[in-house]
Structure formats: C-alpha cells, structure tokens
A.B. asks: 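Below is the structure I would like to discuss, written out as structure tokens.
This is a predicted model, so every value here is computed, not measured.
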Amino acid sequence: MQTTFKIEYHTEWGESLTLMLGGRRYPMDWNDGGIWSVTVKDCRREDLKEYGYVVMRDGLIWRTEWSSHRCPRLSTLVEDKWIDCPIPGCPFPRAHQAPIFDQPGFRGAGTAIPVFSLRSEDDFGIGDFKDLHALIDWAAATGQCILQLLPVTDTTRKGEWKDSYPYSPVSAFALHPIFMNLQALGIKEGVKFKKLQQELNSLPEIDWPRVFEAKMGYIRKAFLRRGAKDMQSAAYRKFEAENAEWLPEYAEFCARRDKLEPEYYCWMQYHLDKQLYAEARYARSKGVSLKGDLPIGVSGDSAEAYWHPQLFNLDATAGAPPDYFSRDGQYWGFPTYNWEEMAKDDYAWWKSRLKKMSRYFDAFRIDHILGFFRIWEIPGGEHTGTAGYFNPGLPYSAAEIYNLQLPIDGLFHEDPRHPGMYQPLITPASQNLPQWQQERFGALYNDFFYHRHDEFWRRNAEKKLPELLSATGMLACGEDLGMVPDCVPVVMDHEKILSLKMRGMDQKGEWNYLSVCSTSSHDMETLRMQCQNDPEPWEVRNMLCEFLFSPSMLAIFPLQDWLALDKGLRRPERNEERINNPADPNHKWRFRMHLNLSQLKDASALNAEIYGLLKDCGRFR
C-alpha cells in the first residue's frame, strides 16, 4: 500500500526531517505550517510496528525521538506527533529499556565479573549461565543494580587455549556453548559425571581445553538423545524464525568446520538462549540489569567473515598504539571493518547485532569506542601495535614532508589505504635529528595524533553511532581510555554515551554524571595489586568510597575489589587476582573465583558492609 507520513516539526536553519522505516531512510519534504511529509510506496504492515523520525543536520542525524512510533494498521495516511522525553530532568535523548536509568539523578552500583569466573557446586569446571541466578540474588540483596559481564559470544575453533580469549568471536551473535548448564539439558549426574565434575571444580583455575572437551561430549550426547524432539517444538521453531538472519549461516559454518550436522549448532543455540534469557528475565524481576560487552572486532575466521567478506578489511588487523597497558601497543588479530560497505544498508548488520544483545542486556560496554571514530590498523604480516596507522586517516604527501625539510625514513611510513601518502610513525626515530628538525617534527606529530583529525573523525563517528544507538534501548557505555582525540568526548556527550573513569588512568577534566567509574578492570591490576602493601579492609573501604561518593551515574567494581573489604574472604595471594594481561597476546583466560556463590551469599559481614556503603553513598537500589 502507498502511505503518506506527516509530522509537525519546526526545524532550525539547515535542518530537515527523515523517516526511518523498515530499515530504510526516507527524506521528507517541508510544507507550510512546519508539516513534513513523505510518501512511501509498498509500505508493509510489519514496518509500522516500529518506526520513527530523525532530525538531519549537514547530512548527519542530529536529533532522535524519545521512543518509536507504532501504527496499528495499514493506512493511506499516517499523521504523527514528535515524541519528546516525558521525564523532566532526564539527560538522555532516547528511552532505555530499564526505566531506572532514565530517573533524574539516578546513581547506582554494581559488580564486574566474567561468567567463566563464577563458581558453584553445579558447575563443570567453569562458570555457566545458570550461575547468574545466585549472583543476581546477591546483587539484589546488597542493593546493587547492575552486573557487568565480559563477552559471552562463541569463540570456538578447536577447543584450545586460544579459544579462551573472549574478544575474538567466531560469531557476533552466537552464544558460547561452554557456558551451557549441563543439568538443564537433562544430563544425569551419574558416578562418572560427578567424579569428573568434582575433579574439574576442585581446580583453582579453569582448564579450558579439558573443560571444553568434557562439556561438548555431554552436550553432543544430549543432542543425540533429545535433539529431534526439541526441534519439533513450537518454541524451537519460533527461535529459528527470530534468528533467521544469522543462525543458518553460523550453523553451516560450524558444521563445515567440525564435519557435523548444522542442526546440532542451531539446537545448542536454542538452549543457550533459553538459559541466558531466563536469567536476564530473573535479573529484571529483581531490579538488577545485566551489562554486556560488545567486542569492537570479529575474528577473520568467523562466520561473518566467511559469508560476508565484503564487510571486512581482511588484509589488515586491528590493534592499539603504545599506551598505559602496553609499551609496544596491542595486536588484536581481527580484521577492521569496511564501513563504506556497511553504510550501504544503513549498518543493518550492526543493528541486528545490538538487537540480539538487548534480549539479554539492559546496558552494554562498547569495547574501544574509538573504533567508531577510527581504528589503529596493522598491515598484514606485522604483529605489533608500533607498526600501525590510523584508518581512516589524513596522511601527508611526499611534497608536504619535503616542504617541511623532514626526512621520510625513520619518521613516516606509507599509508596502505592511500598509496604515495605518509603517516608519522607512532615510535619515530627522531632522537638523532638536529634540534630544529626534532621540534618541527614534534609539532607535526602532536598535531597529527591529537588535532588534525578532530573534525574528520567526529563526522565519521556521527555517521554511525546515532543509528546504532537508536536500534535498541540499552544504556550505552564507552570504553574511552588511551589516546583519545578531543572529538570523542564531544560526540559521546551529544549522544549521551557514558564515559569510563578508571583509577590510575590519566584522564582530563572532572568526573561528570554521565560516566561509569571503577577501581580497575579485567585488563588491569586489582585494587590490592595497585597498592605497595596489601591494604587493610578499612583502607579498601576508603578507596571504594572515593568512587561511590563520586558524581558518576554508575560505580562498578570487580568482584575481587568488593571481596578486598573482608580479610577472611579475599584471595590469600593478591597477585592471583588479575584476569588478563593485555600486553601478552598468548594470555590464558582462566581466572576463577576462589569461593563459590553460596559462600558469597552467606557472607553476612561483607554483604552488610556493601549494603551500608551503598546506603551511605546514595547508590542503594
């Protein structure tokens, strides 16, 4: 049916309106009285379930509505009113699916812990999705409102230690089968099962290869026993239909890799979704939100790269320049995105990825938000961050460098995306130059890395972020540490993306409300490790209070830092508390809680202290 959409909106000079419908943009025409209109041919009933309008300025989305429109039936004419935020004092431009985030002045607290690190008696050598139930109970009982996890997407290749790295997924959508709770599949806890379970659970750390092999053996047996029956159910058919965009490709990809039937992988994803979604619903019922982690990259040997290679730059990998975490920078090993190709369908792949996350998570951490502005790209064959360059970048011509009377060798390298053009080396050999050349190159270097790209990268991010953030109602938090250009906080503030404030990091300016503060992260030393001497509980309390009394909207601490409040519960050896060392590309992700979740729930003294702290600091929920 041909449908005309009309809405009244009084724009400022240079602004226009666009209808966002069915994953497409429809620029609108201005009419007298501030009425904007557009006619859509072949409008579908399905498209009217969720659509909206945006204000465009200079070719970019400038303003979005608070929530989507929904039209109950097809019609030749749809007349709408702009939806503004109905909550006085709310700082956000879009509604969140967890309404508590939109309460003016809301301040909450929570805990960061990977799923794999959880420990309970029902586990099989690693934390699983069912363990979240007890963690949610503990968070709710102590007044916390959020639990932050590391990525839970599938990283399976051969079941080896490399698969333990959670930031190199083989699918941006599929959940990791290692987090499957075996008992929920109806697996009987016989003598052999209990013996191996006890052996794996008694280990102080995760033995990833052994755990993976054992769990996959039991999951395979469960599929052969009950898979056919499960796949005939209405619930299973609904799951398949709702995930048709990615599930068949992922299943075929895994089937070719393992020489098994595709149905096996669909069935596993059905049960993983069922288990995680049950815990997400339970968390929401208890007033606790799960916060997910969105890896900036997807592996070059992923299902997406296999089926959609045009979406990636497979001739290079992403990384990070030398920074606080690593003197030689970081080599992440996954390809960068072909954003020009992704823009052709208005970033449909990204929107689908975020919608999938929002089924489980009410908030998400954007890993390395700088990747939406630019990425530190490392050419094929190189394996350190020192060999990288900006993509996109604004390189110099040989003539420009010559006019500055600077040599190219030792100071610049060719930009692979712009042959014959040059970017400064991140670690140049400038120490032997004459003083005047050092000063001239130093000025160029400073301008290139901190000023030259500001407007260019701002527009680059603003092409993507407003569309992606409008795809779901999750609260967005950006990991904005490291070499951050001035345009990043400007865009994050405009889009109301929470910034990250981390203890010990050199960050400019005062902490503001739209931020998440934390004592440490999975990539850093814990609070106890950061101190010269192992701090006493009262010293830990004082350090935590610095964050809890801050203006930040959220204060999220690693579980290790909460446990540091109690000498009897903290890990005896503080140097065993760190989860990851980002400078080590071969790091094994095997950290596990040294006590189980039932002990945590029964830790009355610790829990009373956390309860009191959150009450005193105005963060109790």
Side-chain angles (χ1 to χ4, degrees), residues 20-23 46-55 61 63-71 80 82-108 110 136 145-149 152 172-173 242-243 245 273 276-277 279-294 346-367 369 372 464-478 491-499 513-516 553-554 556 621:
M20 310 291 279
L21 177 77
E46 184 179 340
D47 295 338
L48 296 177
K49 291 180 180 178
E50 189 172 359
Y51 66 97
Y53 304 88
V54 295
V55 177
I61 295 176
R63 188 179 180 217
T64 60
E65 292 183 279
W66 175 252
S67 58
S68 300
H69 294 263
R70 291 171 177 82
C71 187
D80 287 316
W82 182 272
I83 302 175
D84 271 319
C85 174
I87 307 170
C90 175
F92 295 104
R94 292 170 286 265
H96 292 112
Q97 58 195 44
I100 193 171
F101 296 143
D102 296 326
Q103 293 180 7
F106 160 76
R107 289 164 68 248
I136 291 162
C145 68
I146 195 162
L147 293 171
Q148 179 173 315
L149 311 178
V152 291
F173 300 88
E242 291 176 345
N243 295 274
E245 286 184 86
D273 171 82
L276 180 54
Y277 184 58
E279 301 312 322
R281 289 183 62 189
Y282 182 69
R284 288 161 180 155
S285 75
K286 303 286 284 187
V288 176
S289 291
L290 300 183
K291 181 183 178 186
D293 198 332
L294 180 75
D346 293 327
Y347 311 104
W349 179 80
W350 275 98
K351 293 174 183 176
S352 297
R353 184 182 184 188
L354 290 169
K355 285 179 180 177
K356 174 69 172 175
M357 281 191 75
S358 69
R359 176 168 168 82
Y360 319 113
F361 304 111
D362 293 330
F364 71 114
R365 169 187 177 269
I366 305 174
D367 172 47
I369 196 172
F372 291 93
K464 312 159 191 165
L465 287 173
E467 287 213 46
L468 305 189
L469 296 174
S470 298
T472 76
M474 291 188 291
L475 176 71
C477 311
V491 173
M492 290 180 67
D493 180 65
H494 183 257
E495 297 301 329
K496 306 306 176 189
I497 302 171
L498 272 60
S499 63
Y513 175 67
L514 294 179
S515 64
V516 180
M553 180 177 168
L554 292 171
I556 302 177
R621 299 296 159 192

A.B. asks: Checking K286 side chain against A283 main chain: does a donor-acceptor pair fall under 3.5 Å?
C.D. replies: no

A.B. asks: Quick one: NE2 on H69 to CG on L21, what's the gap to the nearest 0.5 Å?
C.D. replies: 11.5 Å

A.B. asks: Checking V54 against E467 for the side-chain contact (heavy atoms from CB on, under 4.5 Å) test, could you report, in this order, the C-alpha distance in whole Å, the side-chain angles of both residues, the deciding distance, and whether it holds?
C.D. replies: CA-CA 10 Å; V54 295; E467 287 213 46; over 6 Å; no

A.B. asks: Output yes when a side-chain donor or acceptor of R621 lies under 3.5 Å from a complementary backbone atom of R107, and no otherwise.
C.D. replies: yes

A.B. asks: Taking only residues two or more places apart in sequence, or in another chain, which ones meet Y347 in a ring pair (Phe, Tyr, Trp, His ring centres under 6.0 Å)?
C.D. replies: none

A.B. asks: Is there a side-chain contact between R70 and E50, using heavy atoms and a 4.5 Å cut-off?
C.D. replies: yes

A.B. asks: Looking at R94 and E495, does any basic side-chain N land under 4.0 Å from a carboxylate oxygen?
C.D. replies: yes

A.B. asks: Are F372 and V491 close enough that some pair of their side-chain heavy atoms sits under 4.5 Å apart?
C.D. replies: no

A.B. asks: Return yes if some donor-acceptor pair links the side-chain N/O of K351 with the main-chain N/O of D346 below 3.5 Å, else return no.
C.D. replies: yes

A.B. asks: With a 4.5 Å heavy-atom cut-off, do I136 and Y282 have their side chains touching?
C.D. replies: yes

A.B. asks: Specify the closest pair of heavy atoms between V516 and C477, including all atoms of both residues, with the distance to one decimal.
C.D. replies: CG2-SG, 3.9 Å

A.B. asks: Once rounded to the nearest 0.5 Å, what's the spacing between atom CD of Q148 and atom CZ of R365?
C.D. replies: 6.5 Å

A.B. asks: Once you round to the nearest 0.5 Å, how far does OG of S352 lie from CD of E245?
C.D. replies: 3.5 Å

A.B. asks: Heavy atoms only: give me the nearest P104-P88 pair and the separation to one decimal.
C.D. replies: CG-O, 3.1 Å

A.B. asks: So does R281 have more than 12 non-hydrogen atoms from other groups sitting under 6.0 Å from CZ?
C.D. replies: no

A.B. asks: Roughly how far, to the nearest 0.5 Å, is SG of C90 from NE2 of H96?
C.D. replies: 8.0 Å

A.B. asks: Please give me the minimum heavy-atom distance between I83 and S68, naming the atom from each residue.
C.D. replies: CD1-O, 3.8 Å

A.B. asks: Taking side chain to side chain contact (heavy atoms under 4.5 Å, CB included) as the criterion, tell me which of D367, L354, I369 meets it with L294.
C.D. replies: L354

A.B. asks: Any side-chain heavy atom of W66 sitting closer than 4.5 Å to one from W82?
C.D. replies: no

A.B. asks: Any side-chain heavy-atom pair from R284 and Q97 closer than 4.5 angstrom?
C.D. replies: yes

A.B. asks: Answer yes or no: is there a side-chain heavy-atom contact under 4.5 Å between L469 and T64?
C.D. replies: no

A.B. asks: Counting C-beta onward and ignoring hydrogens, is there a side-chain heavy-atom pair between L475 and L554 closer than 4.5 Å?
C.D. replies: yes

A.B. asks: For D47 and G22, which heavy atoms make the closest approach, and how far apart are they?
C.D. replies: OD1-CA, 3.5 Å

A.B. asks: I need the D362 CG to M357 CE distance, nearest 0.5 Å.
C.D. replies: 11.0 Å

A.B. asks: When rounded to the nearest 0.5 angstrom, what is the spacing between CZ in F106 and CD1 in I100?
C.D. replies: 4.0 Å

A.B. asks: Side chains of L514 and P91, heavy atoms from C-beta outward: is any pair under 4.5 Å?
C.D. replies: yes

A.B. asks: Give the minimum heavy-atom separation between F92 and M553, together with the two atoms involved.
C.D. replies: CZ-SD, 3.8 Å

A.B. asks: Is the backbone N or O of I87 less than 3.5 Å from a side-chain atom of Q103, with the two atoms forming a donor-acceptor pair by type?
C.D. replies: no

A.B. asks: What is the minimum heavy-atom distance between F101 and S289, and which atoms define it?
C.D. replies: CZ-OG, 3.8 Å

A.B. asks: Any sub-3.5 Å donor-acceptor pair from E65's side-chain atoms to Y53's backbone N or O?
C.D. replies: yes

A.B. asks: Hey, mind stepping through F361 and T472 against side-chain contact (heavy atoms from CB on, under 4.5 Å) and telling me if it holds?
C.D. replies: CA-CA 10 Å; F361 304 111; T472 76; over 6 Å; no

